[in-house]
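Convention: sequence-line order gives letters A, B, ...; per-chain numbering from 1.
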Number of protein chains: 2
Amino acid sequence: MSEKTSASRVHILAAAIPLFARRGYSGVSMRDIARASGIQAASLYHHFPDKQTLYVEAMAQAFADKAEGFDKALTQTGSAEERLTDLVLSFTRLMSKDPDFCALLQRELLDGDETRLKQLAEQVFKQAFVAIRGLAGELVPGCDSHMVAISIASLILYHLETAPIRPFLPGGKVHHNKPEVIARHVTGLLLHGIKGCAK
Amino acid sequence: MSEKTSASRVHILAAAIPLFARRGYSGVSMRDIARASGIQAASLYHHFPDKQTLYVEAMAQAFADKAEGFDKALTQTGSAEERLTDLVLSFTRLMSKDPDFCALLQRELLDGDETRLKQLAEQVFKQAFVAIRGLAGELVPGCDSHMVAISIASLILYHLETAPIRPFLPGGKVHHNKPEVIARHVTGLLLHGIKGCAK
DNA sequence: GTCTATAGCCGGATAGAC
DNA sequence: GTCTATCCGGCTATAGAC
């Protein structure tokens, strides 16, 4: 076992991830992380040289876990339309099951420097992004598949991100938070435009 | 003039807004705000009882400014499809001109409590949201116009939010940041699905 | 209404015993 | 590898002169 996977390290990172997800980097103190992981603040410095490093490694951990899940969601068969439908549902379920990951992603988009965003793009999203782009290119040859892939992601993620404010906007219903409802809506929109959102 | 609009108050809030947008509530100190507005930190407490209140009033200010702009963007004429096209372009331009507002909105979705989100929904977005919902209902009678309105917002906002990471994802081009390009893509997608994204 | 000075607390980080 | 004790700087907020 390398030092990267010692039990305490992993334990500390697992405790830190939900804290960073909910309160952000500057909203979490080393003492908070110590309390959550059940050890003294000074002991954290035996495993990580400083808070920055602990944070970056917590992100790496959270995102590595997710990259695996993404790859599984990509093994689809059937027609291009069926694969799109399945893929949207898989990703919507995957993301809605993990609000911490969604929050960390949001926070990195807001606060991440170039280095971290590049890592995130290449190590977490690239494979899934390429698959979605390929599917878009298959469905609509000659389209700007980069933009289409971003649009697919945006539709799934924003319905989840706006969950806390939607109850206060007209027409918001509880079932709008169900992954199956979101996925159905998104698929209809992608395949047929807003006409595809008819009941 | 009520105390709510004294020159110093407005000056302090105007200095605080970009700081909160870029670094978030806990990433900005009263000393930072003092430095940015050119007065001593202690003097801030003459205008605001504490940091929380200063923050909430800065949000109120930033969002009130924007609600006006939204209303202007709603005065469209022509067929339903034309109004949708115009509205998407107006909102995309409005948001892309104001990255601070986009960031504050994102941060509030992550960190805002019920009270703040309710205010945001009712005082800033409600009017625009109702107009977009109405348009969706006109274009596709019987659709879930709440979800459609969220989807329209998501498409516009996520293309802007992901701007920092898209250079690292395959196929990302500089022109993907132009509001006109985004609006065109979004409109095509809404009216015809991904088929509408063909070149 | 703005200043200087400072109280009192909490933050990141280190020293050194065990 | 975890602990206790501590340094020191930055934080929010207050006191009081002008």
Side-chain angles (χ1 to χ4, degrees), chain A residues 1-61 104 107-108 110-113 115-116, chain B residues 1-61 104 107-108 110-113 115-116:
Chain A
M1 272 307 152
S2 86
E3 60 175 22
K4 290 271 167 191
T5 52
S6 91
S8 315
R9 275 181 71 92
V10 173
H11 174 72
I12 292 165
L13 294 177
I17 286 168
L19 294 178
F20 284 130
R22 284 176 228 284
R23 302 211 299 268
Y25 179 79
S26 55
V28 175
S29 71
M30 293 299 270
R31 285 166 168 88
D32 291 334
I33 297 169
R35 207 175 306 123
S37 51
I39 64 171
Q40 290 299 314
S43 305
L44 296 174
Y45 290 89
H46 178 77
H47 300 278
F48 308 93
D50 54 30
K51 185 185 171 185
Q52 271 284 347
T53 307
L54 195 160
Y55 176 75
V56 171
E57 305 220 359
M59 294 303 99
Q61 167 103 342
L104 289 175
R107 293 193 190 278
E108 283 296 297
L110 276 166
D111 301 326
D113 59 27
T115 312
R116 292 215 305 266
Chain B
M1 273 304 155
S2 87
E3 59 175 23
K4 291 270 170 193
T5 50
S6 90
S8 316
R9 273 182 73 91
V10 173
H11 174 72
I12 292 165
L13 294 177
I17 286 168
L19 294 178
F20 284 130
R22 285 177 229 281
R23 302 210 299 268
Y25 179 78
S26 54
V28 175
S29 72
M30 293 298 269
R31 285 166 165 94
D32 291 334
I33 297 169
R35 207 174 308 124
S37 50
I39 65 171
Q40 289 298 313
S43 304
L44 296 174
Y45 291 88
H46 177 78
H47 301 278
F48 308 92
D50 53 32
K51 185 186 170 184
Q52 271 284 347
T53 307
L54 195 160
Y55 175 76
V56 170
E57 305 220 359
M59 294 304 99
Q61 167 103 341
L104 290 175
R107 293 192 189 278
E108 283 296 296
L110 278 166
D111 302 327
D113 58 29
T115 312
R116 291 215 305 265

Problem set entry | Verdict with supporting geometry, B/Tyr55 and B/Ile33, side-chain contact (heavy atoms from CB on, under 4.5 Å) | CA-CA 11 Å; B/Tyr55 175 76; B/Ile33 297 169; over 6 Å; no
For this session: Quick one: do B/His47 and B/Thr53 satisfy side-chain contact (heavy atoms from CB on, under 4.5 Å)? Show the steps, please.
Result: CA-CA 10 Å; B/His47 301 278; B/Thr53 307; over 6 Å; no
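Counting non-hydrogen atoms under 4.0 angstrom, A/Ser29 reaches the backbone sugars and phosphates but no base.
Remark: B/His11 NE2 to B/Ser8 OG distance equals 8.0 Å, nearest 0.5 Å. Remark: B/Ile39 CD1 to B/Ile12 CD1 distance equals 4.0 Å, nearest 0.5 Å.
OP1 or OP2 of C/dC3 sits under 4.0 Å from a side-chain N or O of B/Ser43.
Between the OH atom of A/Tyr45 and the P atom of D/dC7 there is a distance of 17 Å, rounded to whole Å. The nearest whole Å value for the distance from the CG atom in A/Leu44 to the P atom in D/dG1 is 14 Å. B/Gln40 places its CD atom 17 Å from the P atom of D/dT14, with the value rounded to the nearest Å. Atom CE of B/Met30 and atom P of D/dG9 are 23 Å apart (whole Å).
At a non-hydrogen distance threshold of 4.0 Å, A/Asp50, A/Lys51 from residues 46-59 of chain A come into contact with DNA chain C.
Annotation: salt bridge (Lys or Arg N to Asp or Glu O under 4.0 Å) contacts involving residues 42-55 of chain B, sequence neighbours excluded, are absent.
The backbone N or O of B/Arg22 lies less than 3.5 Å from a partner atom in the side chain of B/Arg107, making a donor-acceptor pair.
A residue-by-residue look at A/Gly38 and B/Ala42 shows that A/Gly38 has its nearest nucleotide of DNA chain D further toward the 5' end.
Side-chain atoms of B/Arg31 stay outside donor-acceptor range of the base of D/dG10, with no qualifying N/O pair under 3.5 Å.
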